[in-house]
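Side chains included, hydrogens not; waters and symmetry mates left out as well; all remaining heavy atoms used. Within every chain, numbering begins at 1; the chains are lettered A, B, ... in the order of the sequence lines, protein sequences first and strands thereafter. Computed from a prediction, not measured in an experiment: that's the story for all the values here.
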There are 4 protein chains.
Amino acid sequence: MASRGVNKVILLGNVGGDPETRYLPNGNAVTNITLATSDSWKDKQTGQVQERTEWHRVVFFGKLAEIAGEYLKKGSQVYVEGRLQTRKWQDQSGQDRYTTEIVVDMGGTMQLLGGRATGAHPEESAPRQAAPRAAASVREPQAPSAPRPTQPAQPSAMPDYDSFDDDIPF
Amino acid sequence: MASRGVNKVILLGNVGGDPETRYLPNGNAVTNITLATSDSWKDKQTGQVQERTEWHRVVFFGKLAEIAGEYLKKGSQVYVEGRLQTRKWQDQSGQDRYTTEIVVDMGGTMQLLGGRATGAHPEESAPRQAAPRAAASVREPQAPSAPRPTQPAQPSAMPDYDSFDDDIPF
Amino acid sequence: MASRGVNKVILLGNVGGDPETRYLPNGNAVTNITLATSDSWKDKQTGQVQERTEWHRVVFFGKLAEIAGEYLKKGSQVYVEGRLQTRKWQDQSGQDRYTTEIVVDMGGTMQLLGGRATGAHPEESAPRQAAPRAAASVREPQAPSAPRPTQPAQPSAMPDYDSFDDDIPF
Amino acid sequence: MASRGVNKVILLGNVGGDPETRYLPNGNAVTNITLATSDSWKDKQTGQVQERTEWHRVVFFGKLAEIAGEYLKKGSQVYVEGRLQTRKWQDQSGQDRYTTEIVVDMGGTMQLLGGRATGAHPEESAPRQAAPRAAASVREPQAPSAPRPTQPAQPSAMPDYDSFDDDIPF
DNA sequence: TTTT
DNA sequence: TTTT
């Protein structure tokens, strides 16, 4: 009922393989993916461009797990917002091991982007524009009390920049 | 039921004045504050340190509006996560005007930090550590299906770094 | 040389029109775009899906301004990270007016995504995969001292999940 | 020189112990801390408030490592922005192990907040207000080309809300 | 109008 | 003025 602290992860990258979905005893879906984020930079010494790919373990829960399992494919470009969580587990020899994952549940978000996924099952791949709509649906419960405009007038419409820009002293 | 896009603002700064809370016809609270974020940098030409304060209009809705109205004071240091929204309105002469605000509702967060608020009503000021707990409570509905551990074993408990670190080849 | 506060905006959306680039007296580029972020939700009363588009004014400076001016087109899907800034200006009647923008400079980022831009000059449109590489180049100066691996072994290479997963007690 | 992807972590929490700083052969500082972020929620079944603390390994590099080593103490409340990185290493038995850390270097940020640190060395603890100024200094190189106002007039000054608010049709 |  |  309370919280102290912020634990937020924002990733935008490509999915490393087809997602794996399983179901908990209570029927809730859990989907695992690996996600690659790449960045590159010029080496100060050599002047060579260096590239580095970081791999992340992402776990979706609930409604987002279903959506991720259905729409994400190997190669999909995706935006993800979640939180860090480190799980403790025991390996075969009984030793404690730790795995850090990005948990994406109702407090998070997933947005499928325009990436050309190399689907394992391309024949059944949905039209990509379907995914983002579906994907976002889980955010709905997050803003029930939001001040959404229902009036005919749209308070947040764009200013009339054509006439307006003349006034802007850039 | 769907979403396409990300619209997120993260601010950490100081409140410019006591919050103003009002109530909508439906009983929901709305609280307005102004928030200052400062940054400084060394001028490349002069070598002088420059400072700049940016002021933001933040609007809380719902439960967070109540918490903000109760715990924030002039001077409070606060972390806020919300979304950008530009409202259109008419000034006295009937001209269209636009105001951009950071909306913080159930999809957002507020964390009161350790700042020494100069409360308008210091006598009634709650112990400051109470605020963050209360403040965060509104996030609860965001993670109802989250994979919270309810097992006796805490998967995410602090690793035993003392023994653990020995293995880490820093 | 110092900073107190956080002022961060993260947007992922579609560009509303071809970017407009101009040059400051010192030769630095400045590029303006408008960016739409959409979200939708189900109305609690009516059960109807509501949609809302928020428009943002984004201003790129420096190297990112050049990249944005070259690669962004009307319709481009783009990820942007910047900071909020409100400018004061005077309209024709001499009245003070304020415009809030998202400033994206060296402290920010831009990532062109997979969107199918409807370029004004499609014939000269670069292969879309070229853009993200170029776009990110401005981040280079941000991490010169970063602990990038230059050793033959890549510490952060993809774990061998195939063999590795066997140990993970999901 | 380029980048494709976003890898960003934002944490706000309390430091688990005094920071440990060491120096690389090239003289650069590296500082390690553990950081706790807590959140709590009401259990749907029991109605009981549950609390959970997540621990993170944070590694600072360069100038920020020096600042972190000097100003952070056990218990310090701190805001951190960095990126995820998983290191591979071998334990005593030669087995591959992985550790995920939040790397905070020039592309990141650190802000010491108002927390009452329980310093291991309270006698030598600097006045807390000194830290944030120092801490932020490392961000300077990130925005050298930023459009900072050098004009006498401050473009980003606060609107005169007193007279202004009357016009706002809330 | 905040804060350092 | 975008996008689905």
Side-chain angles (χ1 to χ4, degrees), chain A residues 111-114 127-137 157-162 165, chain B residues 1-5 11-20 32-40 49 51-58 72-78 113-118 120, chain C residues 1-6 11-20 32-40 49 51-58 72-78 113-118 120, chain D residues 111-114 127-137 157-162 164-165:
Chain A
Q111 299 274 329
L112 179 54
L113 304 176
R128 69 156 278 283
Q129 58 271 41
R133 314 207 117 245
S137 67
M158 195 56 171
D160 175 7
Y161 285 127
D162 287 335
D165 276 348
Chain B
M1 196 193 199
S3 150
R4 179 172 176 77
L11 301 176
L12 195 163
N14 295 91
V15 178
D18 286 339
E20 295 178 11
N32 287 268
I33 62 165
T34 55
L35 187 64
T37 57
S38 306
D39 69 319
S40 24
V49 172
E51 180 157 352
R52 175 195 188 114
T53 295
E54 188 70 32
W55 285 95
H56 312 270
R57 309 197 83 180
V58 179
L72 296 183
K73 302 292 174 212
K74 181 179 185 175
S76 296
Q77 189 181 30
V78 69
L113 305 176
R116 290 104 345 123
T118 308
Chain C
M1 197 192 201
S3 151
R4 179 171 175 78
V6 172
L11 300 176
L12 196 163
N14 295 90
V15 178
D18 286 340
E20 297 178 10
N32 287 268
I33 63 166
T34 55
L35 187 63
T37 56
S38 306
D39 69 320
S40 23
V49 173
E51 180 155 353
R52 178 197 186 110
T53 294
E54 188 70 33
W55 285 94
H56 312 271
R57 311 197 81 181
V58 179
L72 297 183
K73 302 289 175 212
K74 182 179 185 174
S76 295
Q77 189 181 30
V78 68
L113 305 176
R116 292 109 338 131
T118 308
Chain D
Q111 300 273 330
L112 178 55
L113 304 176
R128 67 157 279 282
Q129 59 271 38
R133 315 207 117 246
S137 68
M158 196 56 173
D160 174 7
Y161 284 127
D162 287 335
F164 183 92
D165 276 348

Nearest-Å distance for atom pair [atom1]/[atom2], residues [X] and [N]:
X: C:His56; N: F:dT3; atom1: NE2; atom2: C1'; value: 13 Å
X: C:Arg57; N: F:dT2; atom1: CZ; atom2: P; value: 16 Å
X: D:Leu112; N: E:dT3; atom1: CG; atom2: C1'; value: 14 Å
X: B:Leu113; N: E:dT2; atom1: CG; atom2: C1'; value: 14 Å
X: C:Leu72; N: F:dT2; atom1: CG; atom2: P; value: 16 Å
X: B:Leu35; N: E:dT3; atom1: CG; atom2: P; value: 12 Å
X: B:Gln77; N: E:dT3; atom1: CD; atom2: C1'; value: 8 Å
X: C:Glu54; N: F:dT2; atom1: CD; atom2: C1'; value: 13 Å

If you check every side-chain atom of [X], which of [options] has the closest atom?
X: B:Ala36; options: F:dT3, E:dT2, E:dT3; value: E:dT2
X: C:Asn14; options: E:dT3, F:dT3, E:dT2; value: F:dT3
X: C:Ser38; options: F:dT3, E:dT2, E:dT3; value: F:dT3
X: C:Lys74; options: F:dT3, F:dT2, E:dT2; value: F:dT2
X: C:Thr53; options: E:dT2, F:dT2, E:dT3; value: F:dT2

Among C:Thr34, C:Ile33, C:Val58, side chain to side chain contact (heavy atoms under 4.5 Å, CB included) partner for C:Val15:
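Option passing the side chain to side chain contact (heavy atoms under 4.5 Å, CB included) with C:Val15: C:Ile33.
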Run through B:Leu113, B:Leu12, B:Asn14, B:Leu35 and flag the one making a side chain to side chain contact (heavy atoms under 4.5 Å, CB included) with B:Val78.
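With B:Val78 as partner, side chain to side chain contact (heavy atoms under 4.5 Å, CB included) holds for just one option, B:Leu35.
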Distance (rounded to the nearest 0.5 Å) between B:Ser38 OG and B:Trp55 CH2
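If we round to the nearest 0.5 Å, B:Ser38:OG and B:Trp55:CH2 are 8.0 Å apart.
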Is the shortest side-chain heavy-atom distance between B:Glu51 and C:Arg4 below 4.5 Å?
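Answer no - side chains too far apart.
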